[in-house]
Amino acid sequence: MTYQNGFIKIGKLQISIKFVLLAAAILVLLVAIISGVAHQSKMKKERQIAGYSFEELKEIKDAECIGEKFIAYTDSSDKKGIMTLDGTITEKAEQEDIFAVSEKWGTVKFVCEGPRSEYMLLIDPEKGEIQKKQYHGTIEPEEIAIWAEELDCAVFVNKNEETTTVPTTKEGDTEVTSTTKKIEAIKPAELMLSAGLHPISNSVKKNIRYGYVNADLQLVIAIKYDEAKAFSDGLAAVKKDGKWGYIDETGKSVIDFQYDDAYGFVNGLAPVQRNGKWGIINKNNEDMTSFNLEKILQGKDGKYVAKMGGKWGILTLNEETMSQVNATSKVETTTETADDEYIVRTNGSALNMRAAADANSAKITEIPNGTAIKISKISGNWAYTIYGTHEGWVYTQYIEKAVKSTVAEPQSEVD
């Protein structure tokens, strides 16, 4: 074999060196493509075995869950848009910022800053859409509600944990300003909380711990957690000694404190982090997927926005996994049939009717205090009723069984 003028000569056969190099390059490329396809096929198979499939969203640079209601995503231009929890894009990435604001404890609004208006605009968290209505409220409320353990009631404090000074009083002809602080219990009507339990802290800046109060501002679950999230699907994620677990509405621990991070349950599923990796569990604390993702956000209907291999995408639970979830849900659901009349009994406010037996589900309508309603079934702390043209779930704490009066029939006179 000899080389001459760009050719390889083997006996009488001459082959162009350029052709040899080109053929070698094509061969290497084909091997790489075949290897890549095989790798993708292997990864897809592994994901199916792991309980899910994963489809990359190439336009997404980052994503975060806002109030566990919807997702704000960031594109390559660092602009923000909105997705629903299942990854459906509802607003293009045109906003400078998207966030939640608390006007008063228990009242949260979602807003964005962007090109549509010089003012912030409101966001509908259920639809994941930006409204035309401008937001003119406060970003940081001056007063925050905490649980004053020494007074055993909820009180307002400002963000520096100072309370209001008692006004000047008169002693004889001299005005005297008290230097003590005026601390008064918050009246339930001042907050108008929805039915269910709400997390509350004992402070705003030091040794902060959390418990839960009901809509009447009664402490139902003791102040003892490092962090606490809202109840959803009958359970709440709470943090203690550096780990997250779940409790029910009685305060009973139903999933031990073992997770690095956790979201609330939706339709019997919750994304959690364990040993630095994310996966999904059911209410029996059983793994519904393998724990091999960098991040999983709150999702719904078996779809989640997640991060894998440095890329954001849509994680979809496979049919086998969803069938397991549905089977578990059917076993766990205990609904009592009922056929009784009840009266709505609140502190004067209307009672919310919701689409599901969950304080975070969509509100259908409001039922005025004192209204007589008929309950057809009860599930846990929720009752199913029909009001006008609407039907849905109401919290049992705010209804009481109607007492049927018994009037004796007048007896006829006997001669």
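FYI, the numbering just counts along the sequence from 1. No experiment lies behind these values; they were computed from the predicted model shown.
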Exercise for the section: Taking the side chain as every heavy atom from C-beta outward, state whether Val238 and Tyr212 have any pair of such atoms under 4.5 Å apart. Expected result: yes
Problem - Asp340 vs Lys401, salt bridge (charged side-chain N to carboxylate O under 4.0 Å, His left out): CA-CA, chis, key distance, verdict - result: CA-CA 7 Å; Asp340 292 310; Lys401 189 172 288 189; 3.6 Å; yes
Handout entry: Atom of His198, atom of Ser194 and distance for their closest heavy-atom approach
Key = NE2-O, 2.9 Å
Fill in the blank from the handout: CD1 of Ile66 to CD1 of Ile71, rounded to nearest 0.5 Å, is 9.5 Å
Exercise for the section: Determine which pairs satisfy ring-ring contact (aromatic ring centres under 6.0 Å, His included) with at least one residue from residues 112-152, sequence neighbours left out, and list them in order. Expected result: Tyr119-His136
Handout entry: Glu59 with Lys92: basic N within carboxylate O range, under 4.0 Å
Key = no
Practice task
Check the surroundings of atom NZ in Lys243: do more than 12 heavy atoms from other residues, nucleotides or ligands lie under 6.0 Å from it?
Solution key: yes
Exercise for the section: Without swapping roles, check the side chain of Gln298 against the backbone of Gly264 for a donor-acceptor pair under 3.5 Å. Expected result: yes
Exercise for the section: Tell me yes or no: between the side chains of Lys61 and Ser76, is some donor less than 3.5 Å from an acceptor? Expected result: no
Practice task
Answer with yes or no whether the side chains of Asn285 and Tyr259 bring together a donor and an acceptor at under 3.5 Å.
Solution key: yes
Problem - Residues Tyr52 and Asn292: side-chain donor-acceptor under 3.5 angstrom - result: yes
Handout entry: Residues Tyr387, Thr365; criterion side-chain contact (heavy atoms from CB on, under 4.5 Å); working and verdict
Key = CA-CA 9 Å; Tyr387 175 66; Thr365 189; 4.2 Å; yes
Practice task
Look only at the side chain of Asn369 and the backbone of Ala350, and say whether a donor-acceptor pair between them is shorter than 3.5 Å.
Solution key: no
Problem - Between OG on residue Ser201 and CD1 on residue Ile223, distance to nearest 0.5 Å - result: 7.5 Å
Practice task
Using modelled atom types only, decide if a donor and an acceptor are shared between the side chain of Asn284 and the backbone of Glu286 within a distance under 3.5 Å.
Solution key: no
Exercise for the section: Check Asp287, Asp256, Asp261, Asp260 against Arg274 for a salt bridge (Lys or Arg N to Asp or Glu O under 4.0 Å) and give me the one that passes. Expected result: Asp287
Exercise for the section: Might you point out which heavy atoms bring Tyr73 and Glu91 nearest each other, and give the distance in Å? Expected result: OH-O, 3.1 Å
Handout entry: Spatial distance of atom CG (Asp233) from atom CG (Leu235) [nearest 0.5 Å]
Key = 7.0 Å
Exercise for the section: Taking the side chain as every heavy atom from C-beta outward, state whether Ile364 and Asn352 have any pair of such atoms under 4.5 Å apart. Expected result: no
Exercise for the section: Indicate yes or no: at least one non-hydrogen side-chain atom of Ile281 is less than 4.5 angstrom from one of Leu269. Expected result: no
Practice task
Would you confirm whether the ring centroid of Phe70 sits within less than 6.0 angstrom of the ring centroid of Phe110?
Solution key: yes
Practice task
Check the pair Val220, Val213 against side-chain contact (heavy atoms from CB on, under 4.5 Å), reporting the backbone distance first and the verdict last.
Solution key: CA-CA 5 Å; Val220 177; Val213 295; 5.9 Å; no
Handout entry: Donor on one side chain, acceptor on other, Glu391 and Tyr384, under 3.5 Å
Key = yes
Handout entry: Atom CD of Glu140 with >12 non-hydrogen neighbours under 6.0 angstrom
Key = no
Exercise for the section: Taking all heavy atoms of Leu85 and all of Cys65, pick out the closest pair and write down the distance. Expected result: CD2-SG, 4.0 Å
Handout entry: Side-chain heavy-atom pair Ile146, Val155 within 4.5 angstrom cut-off
Key = yes
Handout entry: Tyr263 six-ring face occupied by Lys229 cation (under 6.0 Å, within 45°)
Key = yes
Problem - Polar contact flag, side-chain donor to acceptor under 3.5 angstrom, Asn381-Glu249 - result: yes
Handout entry: Minimum heavy-atom distance between Asn282 and Met288, given as atom pair plus value
Key = ND2-CE, 3.5 Å
Handout entry: Flag side-chain contact, heavy atom, 4.5 Å: Lys307 against Asp62
Key = no
Problem - Close side-chain approach of Gln273 and Glu294, heavy atoms under 4.5 Å - result: no
Exercise for the section: Side-chain contact test, heavy atoms from C-beta onward, threshold under 4.5 Å: evaluate it for Val344 versus Ile373 and give yes or no. Expected result: yes
Exercise for the section: Go through the steps for Asn202 and Glu149 under the test side-chain hydrogen bond (donor to acceptor under 3.5 Å, both in side chains), then give the verdict. Expected result: CA-CA 7 Å; Asn202 65 338; Glu149 294 179 273; 3.0 Å; yes
Handout entry: Flag, side chain of Thr74 to backbone of Lys80, donor-acceptor distance under 3.5 Å
Key = no
Problem - Lys277 NZ/CZ over Phe291 ring centroid, <6.0 Å and within 45° of normal - result: no
Problem - Point-to-point distance, once rounded to the nearest 0.5 Å, from CD1 of Ile123 to CE of Met120 - result: 10.5 Å
Problem - Thr396 side chain vs Ala383 backbone, donor-acceptor pair below 3.5 Å - result: no
Handout entry: Asp124 and Gln131: side chain donor to acceptor below 3.5 Å
Key = no
Exercise for the section: Indicate yes or no: does Arg345 engage Glu400 in a salt bridge with an N to O separation below 4.0 Å. Expected result: yes
Exercise for the section: State the CD-CD1 distance between Glu113 and Ile98, to the nearest 0.5 angstrom. Expected result: 10.5 Å
Practice task
Indicate yes or no for a side-chain donor-acceptor contact from Thr385 to the backbone of Lys374 under 3.5 Å, with no hydrogens or angles considered.
Solution key: yes
Problem - Minimum heavy-atom distance Lys239-Phe257, with the two atoms named - result: C-CE2, 4.4 Å
Practice task
Evaluate the side-chain contact (heavy atoms from CB on, under 4.5 Å) criterion for residues Leu122 and Lys109: first the C-alpha distance (whole Å), next the side-chain angles of each, then the deciding distance (0.1 Å), finally the verdict.
Solution key: CA-CA 7 Å; Leu122 282 168; Lys109 296 286 182 68; 4.2 Å; yes
Exercise for the section: Quick one: list whatever passes ring-ring contact (aromatic ring centres under 6.0 Å, His included) with Tyr395, sequence neighbours left out. Expected result: Trp382
Handout entry: From CA spacing to verdict: side-chain contact (heavy atoms from CB on, under 4.5 Å), Leu317, Tyr304
Key = CA-CA 9 Å; Leu317 297 180; Tyr304 300 80; 4.2 Å; yes
Problem - Check: Asp248 side chain, Thr250 main-chain N or O, donor-acceptor pair, under 3.5 Å - result: yes
Practice task
With the side chain counted from C-beta on, respond yes when Glu96 and Cys112 share a heavy-atom pair under 4.5 Å apart, and no when they do not.
Solution key: no
Problem - Over all atoms of both residues, closest heavy-atom pair of Ala270 and Tyr246 - result: CB-OH, 3.6 Å
Handout entry: Atom pair OG1/CZ of Thr316 and Phe54 - distance to nearest 0.5 Å
Key = 10.0 Å
